[in-house]
**Q** 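Dropping a structure here in structure tokens format, bear with me for questions.
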Amino acid sequence: MALLTRLKLSGINNLSDARFAAAAGFEYIGFCFNPQSDHYLAPVKAKEIIDWTTGCAISGEFGNQSVQEIADISSLLNLDAVELNNALLPDELKQIDRAIIKHIDTSLFQNESLLTELNAYAAVADGFLLYTTNNQLPDAVVLKQLCSDYKIIWGYDVNASGIKHIVEHYRPYAINLQGGDEERPGVKDFDELNDILDAVQLPD
């Protein structure tokens, strides 16, 4: 399936999500190893899913863990990328031998300070996942410029009716979508994700 943009499925906690993403052509699948998150999955459980999945890059989503713990889990699971939502400094990130995706809550910054934050990590981060905790997005002009200057993974809410506009107007590097629980083992409703895929599918 050819798509208008790269897609990432985040917070995976079951094999159904992982296999769906792989079959649909998602670029990345992400597992949350932040114990403070509702999406947390034990690394040993993630390994079981990863071992049965092919075709996607694997990322690990971390919280306020030490560099050593992040490195240990990354090595155990042979992660392709590490996603960090913490206060580790740029020099500390150099110790993690993986591609780095820095999460940034844009609601914490004004336009100028947001640019300063990205610039501070640009030399060590391979990309940035932007999201908000107050439903407010940055100024549209600034956001479009960021998508032009950096590898931006769009972590803001998206739906089938609006995703094509986001892709064509802002041109982010990728769009982040959220995985979820199975209804029961092996059974999952993918209607919403299928609608999004239909909206960004290239014509034959």
Side-chain angles (χ1 to χ4, degrees), residues 2-11 21 25-34 37 39 56-65 67 70-71 74 79-159 162-179 196 199-200 202:
L3 303 173
L4 284 170
T5 186
R6 300 172 185 86
L7 295 176
K8 173 181 176 287
L9 193 60
S10 176
F26 278 59
E27 189 92 357
Y28 310 91
I29 55 175
F31 298 85
C32 179
F33 304 123
N34 175 7
S37 171
H39 301 291
C56 300
I58 310 297
S59 69
E61 304 155 4
F62 294 88
N64 290 315
Q65 288 125 303
V67 169
I70 293 168
S74 300
L79 298 178
D80 297 295
V82 166
E83 301 184 47
L84 299 172
N85 189 4
N86 54 36
L88 290 176
L89 298 174
D91 284 347
E92 295 176 287
L93 300 189
K94 294 177 182 178
Q95 303 172 44
I96 302 172
D97 187 24
R98 294 290 187 278
I100 301 293
I101 299 171
K102 175 68 174 172
H103 286 210
I104 295 182
D105 179 358
T106 56
S107 69
L108 302 177
F109 300 91
Q110 299 298 320
N111 291 333
E112 187 174 338
S113 59
L114 177 59
L115 292 170
T116 300
E117 180 76 358
L118 267 69
N119 285 333
Y121 284 90
V124 294
D126 296 88
F128 297 92
L129 189 150
L130 304 185
Y131 71 102
T132 179
T133 51
N134 68 359
N135 296 320
Q136 297 297 314
L137 273 63
D139 176 82
V141 173
V142 171
L143 187 51
K144 189 172 184 179
Q145 187 62 48
L146 292 178
C147 289
S148 174
D149 292 345
Y150 302 97
K151 285 185 177 179
I152 298 297
I153 299 176
W154 187 279
Y156 306 112
D157 288 342
V158 296
N159 54 41
I163 190 170
K164 190 172 182 180
H165 169 75
I166 292 167
V167 171
E168 294 180 341
H169 181 73
Y170 292 100
R171 300 186 180 278
Y173 179 76
I175 301 283
N176 187 74
L177 303 173
Q178 186 65 50
I196 288 174
V200 295
L202 287 169

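Throughout, numbering of the chain's residues begins at 1 and tracks the sequence. None of the values given here were measured: they were computed from a predicted structure.
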**Q** Quick one: CG on L7 to CD1 on I153, what's the gap to the nearest 0.5 Å?
**A**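 The CG atom of L7 sits 11.0 Å away from the CD1 atom of I153.
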**Q** Using atom types as modelled and distance alone, determine if a side-chain donor or acceptor of Q178 lies under 3.5 Å from a backbone N or O of S10.
**A**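 Yes, because the side chain of Q178 sits within donor-acceptor range (under 3.5 Å) of the backbone of S10.
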**Q** With heavy-atom distances below 4.5 Å as the criterion, would you say the side chains of D149 and L118 are in contact?
**A**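 SC-SC contact between D149 and L118 ruled out.
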**Q** What are the two closest heavy atoms between P90 and A120, and how far apart are they?
**A**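 Heavy-atom minimum between the residues: CG-O, 3.4 Å.
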**Q** Indicate yes or no: at least one non-hydrogen side-chain atom of T5 is less than 4.5 angstrom from one of W154.
**A**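 A side-chain contact is absent here, since even the closest heavy-atom pair is not under 4.5 Å.
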**Q** Could you give the distance from CD1 (I96) to NZ (K94), rounded to the nearest 0.5 Å?
**A**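 Spacing of CD1 (I96) from NZ (K94) equals 13.0 Å.
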**Q** Less than 4.5 Å apart, any side-chain heavy atom of N85 and any of N34?
**A**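 They are not in contact (no side-chain heavy atoms under 4.5 Å apart), so the answer is no.
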**Q** From D80 CG over to S74 OG, what is the distance, rounded to the nearest 0.5 angstrom?
**A**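 Interatomic distance, D80 CG to S74 OG, rounded to 0.5 Å: 10.5 Å.
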**Q** How close do L9 and G179 get, heavy atom to heavy atom, and via which atoms?
**A**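 Minimum heavy-atom separation between L9 and G179: CD1-N, 3.7 Å.
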**Q** If I take atom NZ from residue K144 and atom CD1 from residue I152, how far apart are they, to the nearest 0.5 angstrom?
**A**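 So the gap between those two atoms works out to 14.5 Å.
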**Q** Between L114 and I104, is a side-chain contact (heavy atoms from CB on, under 4.5 Å) present by the stated rule, with each step listed?
**A** CA-CA 9 Å; L114 177 59; I104 295 182; 4.0 Å; yes
**Q** Anything under 30° is parallel, anything over 60° is perpendicular, the rest tilted; go ahead and classify F62 against F33.
**A**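 F62 vs F33 ring planes: tilted.
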**Q** Looking at side-chain heavy atoms only, is the closest gap between Y156 and P138 below 4.5 Å?
**A**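 Yes; the side chains approach each other to less than 4.5 Å.
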**Q** Less than 4.5 Å apart, side chain to side chain, heavy atoms only: is that true for I175 and V200?
**A**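 No - every pair of side-chain heavy atoms lies 4.5 Å or more apart.
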**Q** Counting C-beta onward and ignoring hydrogens, is there a side-chain heavy-atom pair between Y131 and D105 closer than 4.5 Å?
**A**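 SC-SC contact between Y131 and D105 confirmed.
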**Q** Does the side-chain contact (heavy atoms from CB on, under 4.5 Å) test come out yes or no for K8 and E83, once each step is laid out?
**A** CA-CA 12 Å; K8 173 181 176 287; E83 301 184 47; 2.5 Å; yes
**Q** For the CD1 atom of I101 and the OH atom of Y173, what is their distance to the nearest 0.5 Å?
**A**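 So the CD1 of I101 and the OH of Y173 are separated by 8.5 Å.
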**Q** How long is the gap from CG on L130 to OH on Y170, to the nearest 0.5 Å?
**A**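 Here the rounded value is 12.0 Å.
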**Q** For residues E61 and H39, determine if any side-chain heavy atom of one lies less than 4.5 Å from a side-chain heavy atom of the other.
**A**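 No; the side chains remain at least 4.5 Å from each other.
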**Q** Please report the shortest heavy-atom distance between T133 and S107, naming the atom on each side.
**A**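 Heavy atoms of T133 and S107 come nearest at OG1-OG, 3.1 Å.
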**Q** Please tell me if the side chains of L143 and T106 come closer than 4.5 Å, counting only heavy atoms from C-beta onward.
**A**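 They are not in side-chain contact.
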**Q** For D97, look at atom CG and say whether over 12 heavy atoms of other residues, nucleotides or ligands are found less than 6.0 Å away.
**A**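 Count not over threshold, so no.
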**Q** Is there a side-chain contact (heavy atoms from CB on, under 4.5 Å) between V67 and L88 once you walk through the steps?
**A** CA-CA 8 Å; V67 169; L88 290 176; 4.0 Å; yes
